[in-house]
Amino acid sequence: MRLRSIVKKLETEHPEGLTSAEMFLASTDLLPVDESQKTWDHWNFVAFWIADSFNLNTFVIASGMIAAGLNWWQALICVIVGYCLVGPLLVLNARPGAMFGITFPAVCRTTFGVFGSLWPVFNRAGMACVWWGVQAWLGGECVYVLIRAIFPSFVNMTNLMPASSETTSAYVLSFFIYWLLSLPTIWVPIHKLRWLFMGKAVIGPIIGFALFGWSITRAGGIGPVFSQPAKLSGSDLHWQMLISISSCFNNMFTLITNAPDFASRAKKPSAAVWPQLIAMPIGFSITSFLGIVIASASQPQFGEQVWDVVKIMDMMLDRDGSSATRAGLVFISAGFIYVQLMLNVAANSISAGCDLTALMPRFINIRRGGYIAAIIGLAMNPWLLYKSSATFGNYLGAYGVLLSCIAGPMIADYWIVRRGHYRINDLYTLDQEGWYWYTAGINWRAFAAYLCGFAINAPGFINTLSSAVSVNIGMSRVYTLSWMTGTGISALVYVILCFISPPPGMNRRFVEIDESKGEARFGHIAETGSQENYGEEGKDMAAFEGEGKGKLASQVTVLPA
């Protein structure tokens, strides 16, 4: 009995009276977002993307293009083209969340099935956890610069890390300090984060432009920065530019895939369209330009090309330990710490929380999922991904190809196959007549499309994991364009299979509508049993309760029997 009591206390908030199987499909965080939590207007989305774009990871990706051999204007063209192409995919995949108030795990069920969605969700959750650690390591590097700028002797801390780790105890301690600072940010609910993002939208640009201007000054002006020639030419240059464009996609595929998570908090569906379509590419292009210039300025400053922006700040302390330099880096590094904290909670903690909720809704909610991601981020070795710009780029490409094959069928399902027609009730039921039951809860069409999209990129993917496996140049280049080949092929195959074998809910006319609207779903009659103001829905509710399926708390979804 005591064990049962402990288990009961560990359970998350969910509708009462559900069977174990039904509890697997529904919890408060998986149900449609309550109207009171739809607080994001147009300007909140603009602020979110400005805030999200000004982060160290965006700097690093752009500066990696310079390290790969591009000059400043070639790298700038790549980031503008890359992020402008990302925008439409982001908006298209966010639409179901904005329209129906449901998060990525629920939207994923419409395409992959109520059980089939577990694999894409697990895939996305795992990558969010790993990515949490990567962003935390960058934040930890900022903590290192901050501490060193205040206490120069920190650099002399005894190193207990082995040489193979390619890091030091001082950096690991800084990483742990950042990890501790991140824990309170995970506690804040999604709908209340908009104020923190507004603050980041102000602080991020200030510190970004501060480091930008300072780097140009230290390099001796704009001339030495912008006069550096490209190191590549001919086909090598063309393919490196395509690789750089792909790196922009790979950087954003985590947010493209789980775009419904934030769109579900939109006051109006339109709030998640133009603000994202415009603000996102502009914000990331400006931030990337700053990263390109900061990286280009490292050559005249230090006599070598440095791709890690935080390492550049650290090298400033190596070359100039004056009080003015130290004070400037205290200001900039502290700002970057705040930026990284907000970025990690937005891009990874919430994403991992939403995804892990779908895997075990009985015991995990968004907040608990965020803390699980933090634990995994601490347990992994994120510094290994920052050995070089090539290592970092390979990591981006590897997980980008997996997510592209998830996003492709999801976008095609909503816009081409179902054309906006949903049945929200069927997302939370094991009824075999439900639209999303498919075959034993799995949509074979979506998985066939997923495998086809991955198969064409598999040789390049395997080569990335093990360089000992050689692939021809053609397959390597197909993998380079995985954002196009993975997304496009998986979407195309899914549409073809749906036309050959139409799934439930397939439509020819585009209308964004919940066809289960009007059925018993919402109610605050649990305690009183009153049918007031419910009309026919009240009768349905009474019948539902009369069958002994349980009573619901205020404003939660009723699961059809």
Side-chain angles (χ1 to χ4, degrees), residues 49-87 131 134-135 137-138 141-142 204-205 207-216 219 222 225-226 228-232 237 239-255 279-301 304-313 315 332 336 339-340 343 347 385-386 388-397 400 480 483:
W49 285 112
I50 292 175
D52 192 72
S53 64
F54 276 86
N55 65 80
L56 289 171
N57 186 56
T58 306
F59 282 125
V60 166
I61 291 173
S63 61
M65 298 177 190
I66 300 298
L70 303 183
N71 63 23
W72 73 271
W73 64 265
Q74 291 166 345
L76 182 59
I77 289 175
C78 292
V79 299
I80 292 175
V81 172
Y83 288 116
C84 283
L85 292 175
V86 166
W131 199 235
V134 171
Q135 295 287 15
W137 178 253
L138 280 173
E141 286 186 333
C142 293
I207 60 174
F209 278 103
L211 184 58
F212 166 80
W214 198 9
S215 297
I216 291 178
I222 294 178
V225 175
F226 289 161
Q228 297 177 55
K231 300 175 184 178
L232 302 174
L237 172 61
W239 275 105
Q240 184 56 49
M241 292 185 73
L242 284 174
I243 291 173
S244 298
I245 291 173
S246 297
S247 68
C248 298
F249 267 90
N250 295 333
N251 178 40
M252 293 297 295
F253 253 117
T254 52
L255 289 170
M280 188 279 295
I282 290 178
F284 275 89
S285 295
I286 292 174
T287 306
S288 297
F289 174 70
L290 300 184
I292 289 167
V293 172
I294 293 169
S296 298
S298 67
Q299 183 67 40
Q301 280 188 82
E304 61 178 296
Q305 184 65 63
V306 183
W307 71 284
D308 189 335
V309 174
V310 187
K311 292 293 184 184
I312 291 175
M313 295 164 59
M315 292 175 72
I332 293 175
F336 273 130
V339 165
Q340 285 301 111
L343 170 71
L385 296 173
Y386 280 89
S388 68
S389 61
T391 301
F392 185 66
N394 289 340
Y395 168 73
L396 284 176
T480 298
W483 57 271

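Bear in mind the structure is a predicted one, so any value in this text is a computation, not a measurement.
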For residues 289-298, which side-chain N or O atoms pair as donor and acceptor with protein atoms under 3.5 Å away, sequence neighbours left out?
unit_1: S296; atom_1: OG; unit_2: I292; atom_2: O; d: 2.8
unit_1: S298; atom_1: OG; unit_2: A295; atom_2: O; d: 2.5
unit_1: S298; atom_1: OG; unit_2: Q305; atom_2: NE2; d: 3.3
unit_1: S298; atom_1: OG; unit_2: V306; atom_2: N; d: 3.1

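The distance from the CH2 atom of W131 to the CG atom of L255 is 10.0 Å, given to the nearest 0.5 Å. Remark: I50 CD1 to M280 CE distance equals 13.0 Å, nearest 0.5 Å.
The shortest heavy-atom contact between S285 and I80 is OG-CA, 3.7 Å. For the residue pair L211 and V309, the shortest heavy atom distance occurs at CD2-CG1, 3.7 Å. When all heavy atoms of L56 and C142 are compared, the pair lying nearest together is CD1-SG, 3.1 Å. Heavy atoms only, all atoms of each residue included: Q228 and P300 are closest at NE2-CD, 3.6 Å. Across all non-hydrogen atoms, the minimal contact from A75 to I66 is CB-CD1, 4.0 Å. Between S244 and L70, the shortest heavy-atom contact is OG-CD1, 3.5 Å.
F226 is linked by a ring-ring contact (aromatic ring centres under 6.0 Å, His included) to W72, counting only residues two or more places apart in sequence or in another chain. Evaluation of the side chain to side chain donor-acceptor pair (under 3.5 Å) rule for Q74 yields no partner, not counting sequence neighbours. With sequence neighbours excluded, the residues forming a side chain to side chain contact (heavy atoms under 4.5 Å, CB included) with S288 are T58, A62, V79, Y83, listed by chain and number. Under the ring-ring contact (aromatic ring centres under 6.0 Å, His included) criterion, W49 pairs with no residue at all, not counting sequence neighbours. Not counting sequence neighbours, the partners of F336 by the ring-ring contact (aromatic ring centres under 6.0 Å, His included) test are F59.
In this structure, the side chain of Q340 engages the main chain of Q135 through a donor-acceptor pair within 3.5 Å. Distance alone, capped at 3.5 Å, places no donor-acceptor pair between the S53 side chain and the T287 backbone.
In this pair, F209 and F212 present their aromatic rings perpendicular. The plane angle is above 60°, beyond the 30 to 60° band.
Residues D308 and E141 form a side-chain contact, since some pair of their non-hydrogen atoms from C-beta on lies under 4.5 Å apart. Residues C78 and I245 meet the side-chain proximity criterion, which asks for heavy atoms closer than 4.5 Å. Under the 4.5 Å side-chain criterion, counting only non-hydrogen atoms from C-beta, M65 is not in contact with Q240. Using a 4.5 Å cut-off on side-chain heavy atoms (C-beta onward), M252 and P281 make no contact. Annotation: side chain of F284 is not in contact with side chain of V86 (no heavy-atom distance under 4.5 Å).
Counted within 6.0 Å of CD1 on I222, heavy atoms from surrounding residues, nucleotides or ligands total 12 or fewer; the atom is thus considered open.
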